[in-house]
Every structure is written in structure tokens, then in C-alpha cells.
2 protein chains.
Amino acid sequence: MMRADARRNRDHLVAAATDVIAEEGPEASLNEIARRAGVGPGTLYRHFPTRESLLTTVFRTRIEALCARAGDLAAKLPPGEALTAWLHELLAHAVTDRGLGATMMLTEQESGFDCSALMAAAASGLLAGAGEAGSVRRDLTVDDLFQLVHGISLAAGDLGRGDRLLTLTLEGLRAA
Amino acid sequence: MMRADARRNRDHLVAAATDVIAEEGPEASLNEIARRAGVGPGTLYRHFPTRESLLTTVFRTRIEALCARAGDLAAKLPPGEALTAWLHELLAHAVTDRGLGATMMLTEQESGFDCSALMAAAASGLLAGAGEAGSVRRDLTVDDLFQLVHGISLAAGDLGRGDRLLTLTLEGLRAA
DNA sequence: ACCTGAACACCGTTCAAGT
DNA sequence: ACCTGAACACCGTTCAAGT
């Protein structure tokens with residue numbers, strides 16, 4: 001059980017981090033986040049020993065929602081289309097919430113939330129379905145998908161460019 | 001004409017930057033580079049007003065060599081294979097010299113060296129050849145190629161992974 | 001005129017002191 | 001026992017003072 005003031009400080013930190021990261025991106029100053037939350041930097045480090053543990057907490061609900069979408073899409077689209085649609089949604093998140101792309105692949109987790117396992121479970125269902133339907137190469141792995149989408153999100157200037165690069169990747173650069 | 005001491009300082013700075021960037025990557029401390037060159041930080045800023053202008057100078061000879069390779073490959077391989085081979089060489093540079101990938105797309109240039117124009121010239125020759133030969137999609141642009149390779153270099157852990165991701169991108173994720 | 005490094009405002013991180 | 005922020009060693013960048 002957390003002491004009441006600690007609980008309140010933690011909540012303030014997450015709220016402040018959400019705001020500051022939205023404004024300045026995932027490399028935002030930790031001291032600035034602590035300042036905005038009205039606590040000292042030591043308090044931030046006590047609750048979140050690494051920057052990643054803070055980012056994971058901030059992005060957690062968004063990542064869970066995205067993983068839930070995998071099931072929705074699988075239920076209402078043919079397997080190949082479901083995978084394609086989900087990858088575009090993943091890309092949209094990675095481009096919009098800069099830093100979420102790197103966060104989603106983190107393998108060691110604090111706060112009992114194994115982000116990469118959740119993401120892998122969501123993606124592998126879609127990937128297996130699309131593979132069995134003959135829509136995608138059988139040798140594709142979940143890591144291939146995540147790294148390709150992550151790379152595109154980092155290199156593309158905006159979502160329009162990102163969607164084009166993802167489409168090119170899906171279809172291949174070679175002539176049909 | 002540069003004063004002799006200025007010339008010497010500039011040379012020391014480029015040599016020190018080459019070493020430090022090789023050790024610590026493109027985000028290396030500028031003060032550390034200046035320290036290693038035996039000059040004050042102001043001297044570094046006088047010669048290189050931005051970090052990019054320093055990186056461009058450090059990578060210049062490597063980028064010029066890579067661009068020259070485009071002609072070599074075009075002369076000895078069929079157009080489609082020449083493009084593929086050059087993209088893999090580009091990727092190898094981007095993975096090995098972290099920071100070169102971002103540098104190669106810089107559009108404004110100091111020291112009379114327009115890196116992006118040189119790169120675009122090298123790539124567009126190969127791309128046009130491969131397009132006419134029917135090896136790649138006709139709607140591909142040089143920017144598509146650079147952004148895809150750059151993204152892969154950022155997301156792939158090592159060159160082995162990078163080569164796989166580039167091959168997947170060339171062939172497409174969809175089943176043949 | 002050109003070069004220079006001490007100085008400034010920041011950053012991430014720690015740990016002695018408080019409650 | 002747990003929380004805390006002053007303090008430390010760094011960073012990028014500038015500009016008054018030197019030659």
C-alpha cells in the first residue's frame with residue numbers, strides 16, 4: 001500500500017509527463033516534468049527509475065487500446081487486410097506519439113506491464129492469420145513488422161509519407 | 001585565405017571529431033571534441049556553426065566514395081541489381097557510421113558541399129536505369145529510397161537485421 | 001580582424017538531511 | 001521508512017576580453 005502523499009505525487013508526475021511529452025517529445029527534460037508536477041527530481045527517480053519506465057506508464061493505455069484493436073480488426077476484415085490495417089494504425093501511433101514506437105518494443109518492464117509481450121501477442125495473431133490465408137510471406141516475424149514500422153515512423157516526416165512508405169514496404173519496391 | 005593557426009585548429013577539430021564520433025556516435029559532446037582538439041569551444045563554433053556542418057565535413061569523403069560507387073556498380077551489373085547492391089552499401093554505411101544516414105539527406109550545406117544533391121544525383125541514375133529495365137516500380141522516388149534505408153538503419157540492431165529488412169522491403173511483405 | 005575560453009543556463013542523477 | 005530538493009558533474013552556447 002502506497003502512502004497517500006506518494007500516490008498523489010505519482011499521479012501528478014504521470015499527468016505532468018503526459019503533458020510535457022506531448023509538447024516536447026520523449027526526450028523531454030525530466031527536471032521539467034518534476035517541476036511541473038510540483039515535486040523534486042528525486043521523487044521522480046524514486047517512482048520511475050528509468051526514463052523508459054515513465055514513458056511506458058504514460059503510453060500504457062494507448063498501447064493497450066491499440067492491442068485491443070487487433071482483435072476488432074481480425075473479427076471484421078479478411079486476415080490480410082486486418083494485418084495491413086493494424087500496421088497502419090500502429091504507424092499512426094508511432095508518428096503521432098513520438099517515442100511510443102521505441103517504447104512498444106521494450107522487453108524488460110516495470111509496474112508489471114510487459115509491453116513487448118502484449119504487443120507481440122496482438123501482432124502474432126494477425127500475422128498468423130494473414131500467413132495461413134496466403135496473404136503474406138510465411139517467414140515474416142513479429143520483430144520484422146515492428147522494426148519496419150518503427151523505422152518508417154522515425155524516417156518519415158509526417159503520416160502521409162509514413163503511409164506511403166509502409167504501402168511500398170508491403171507491396172515491395174520491385175515491379176509487379 | 002585562412003590564417004595559419006586557424007587552418008591548423010580546423011584540421012585538429014576535424015580529426016578530433018572523426019575520432020570522438022567514431023567512439024561515441026553523432027551525438028558526441030562538442031565540448032569533448034574541442035577539448036580533444038586542444039581548443040576552446042568557441043573555436044569549434046567559429047569553424048562549424050552547427051553540429052550538422054561538422055558531421056557533414058567528417059563524413060564528406062565517405063559520402064563521396066559511396067556516390068562514386070554508384071557509377072561503378074551501374075557499369076558492371078544489370079540495372080536492377082546495381083540499384084539493389086548500392087542500397088545495401090548505403091545501408092551498411094548508415095548502420096556503421098551512425099549519423100551518416102541523417103547527414104546524407106541534409107539539404108542546406110556549408111563549405112560548398114551539397115550533400116543531398118550529390119546523393120540524389122548518384123541515386124537517381126541508378127533508379128532511372130532500374131525503372132527503365134522494368135526492375136522496380138516506376139513511381140519510386142529518390143526520397144522514398146533514402147527514407148526507407150535511413151529508417152531501416154535506425155530501427156535495425158545490426159547490419160544482419162538491416163540487410164534482412166531491406167530485402168523484405170525490396171521484395172515486399174505480401175506473398176509472391 | 002580574428003581567435004578564445006571563462007561564464008551562463010541548462011541537463012541527468014545522486015544522496016545527506018529531513019519528516 | 002520513506003520522501004525530498006540542494007548539490008554535483010556534465011552539456012550546448014555565447015560574448016567580453018585578448019592578441
Side-chain angles (χ1 to χ4, degrees), chain A residues 1-59 98-100 102-103 106 108-112, chain B residues 1-59 98-100 102-103 106 108-112:
Chain A
M1 186 52 186
M2 217 174 221
R3 234 164 63 175
D5 60 337
R7 172 86 254 166
R8 197 168 52 242
N9 283 342
R10 207 193 113 100
D11 293 345
H12 286 163
L13 280 166
V14 174
T18 303
D19 291 350
V20 176
I21 287 166
E23 290 166 21
E24 305 183 14
E27 317 264 276
S29 160
L30 297 178
N31 282 346
E32 166 68 16
I33 290 170
R35 210 173 298 130
R36 197 93 71 102
V39 303
T43 306
L44 186 154
Y45 278 85
R46 170 155 290 272
H47 288 283
F48 303 101
T50 64
R51 178 184 291 273
E52 284 69 33
S53 65
L54 179 58
L55 288 174
T56 300
T57 304
V58 166
F59 289 138
R98 292 174 40 245
L100 185 144
T103 302
L106 290 178
E108 289 182 37
Q109 288 304 327
E110 291 78 4
S111 56
Chain B
M1 187 52 187
M2 218 174 221
R3 235 163 64 176
D5 59 338
R7 171 85 256 165
R8 198 169 51 243
N9 283 342
R10 207 194 113 101
D11 292 345
H12 287 163
L13 279 165
V14 174
T18 303
D19 291 349
V20 177
I21 287 166
E23 290 167 21
E24 306 183 15
E27 318 263 276
S29 160
L30 297 178
N31 281 348
E32 166 68 15
I33 290 170
R35 210 173 298 129
R36 197 92 71 102
V39 304
T43 307
L44 186 153
Y45 278 86
R46 169 155 290 274
H47 287 283
F48 302 101
T50 64
R51 180 184 291 273
E52 283 69 33
S53 64
L54 178 59
L55 287 174
T56 300
T57 304
V58 166
F59 290 137
R98 290 173 42 247
L100 186 144
T103 303
L106 290 179
E108 289 182 36
Q109 288 305 326
E110 291 79 5
S111 57

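Values reported hereafter were calculated over all heavy atoms of this structure, with side chains retained and with hydrogens, waters and symmetry mates removed.
Taking side-chain N and O atoms only, A/Asn9 has no distance below 4.0 Å to OP1 or OP2 of D/dC2. When the side-chain nitrogen and oxygen atoms of B/Arg51 are compared with OP1 and OP2 of D/dG12, one or more of them lie within a distance under 4.0 Å. Between A/Thr43 and D/dC3 there is no side-chain polar atom (N or O) within less than 4.0 angstrom of OP1 or OP2.
Atom CZ of A/Arg36 has more than 12 neighbouring heavy atoms from other residues, nucleotides or ligands inside a 6.0 Å radius.
Side-chain N or O atoms of B/Thr43 include none that pairs as donor or acceptor with a backbone N or O of B/Val39 at under 3.5 Å. The backbone N or O of A/Pro41 lies less than 3.5 Å from no partner atom in the side chain of A/Arg46, so there is not a single donor-acceptor pair. In this structure, the side chain of B/Arg35 does not engage the main chain of B/Gly40 through any donor-acceptor pair within 3.5 Å.
As rounded to whole Å, 5 Å separates atom P of C/dC3 from atom CZ of B/Arg3. What separates CD of B/Glu32 from P of C/dG5 is a distance of 16 Å, to the nearest Å. Protein atom CG of B/Leu54 is 15 Å distant from nucleotide atom C1' of D/dT13, rounded to whole Å. Spacing between atom CD of B/Glu27 and atom C1' of C/dG12 amounts to 15 Å, rounded to whole angstrom units. If you take CZ of B/Phe48 and C1' of C/dC3, they are 15 Å apart, rounded to a whole angstrom. Taking atom NE2 of residue A/His12 and atom C1' of nucleotide D/dG5, one finds them 18 Å apart after rounding to whole Å. Following rounding to the nearest Å, A/Ile33 (CD1) and C/dC10 (C1') show an atom-to-atom distance of 15 Å. Straight-line distance from the CG atom of B/Asn31 to the P atom of C/dC11: 17 Å, rounded to whole Å.
When each of B/Arg7 and B/Pro41 is assigned the nucleotide of DNA chain C bearing its nearest heavy atom, the one mapping closer to the 5' terminus is B/Arg7.
Residue contacts shown for A/Ala6 are limited to sugar-phosphate atoms, with no base heavy atom under 4.0 Å away.
Judged by Watson-Crick or G-U wobble contacts below 3.5 Å, the nucleotide C/dA9 has no partner. Using N1 to N3 plus N6-O4 or O6-N4 for Watson-Crick, or N1-O2 and O6-N3 for G-U wobble, each under 3.5 Å, D/dA17 pairs with nothing.
Side-chain contact between B/Leu54 and B/Ile33 is present, with at least one heavy-atom pair separated by less than 4.5 Å.
Relative to the side chain of B/Arg35, the nucleotides C/dT4, D/dG12, D/dC11 differ in distance, and D/dC11 lies closest. Closest contact between the side chain of A/Tyr45 and the listed nucleotides D/dG12, C/dG12, C/dC11 involves C/dG12. Each of C/dC3, D/dC2, D/dT13 was ranked by its minimum atom distance to the side chain of B/Leu30; first place goes to D/dT13. Side-chain proximity of B/Ser29 to the nucleotides D/dT4, C/dC3, D/dG12 is greatest for D/dG12.
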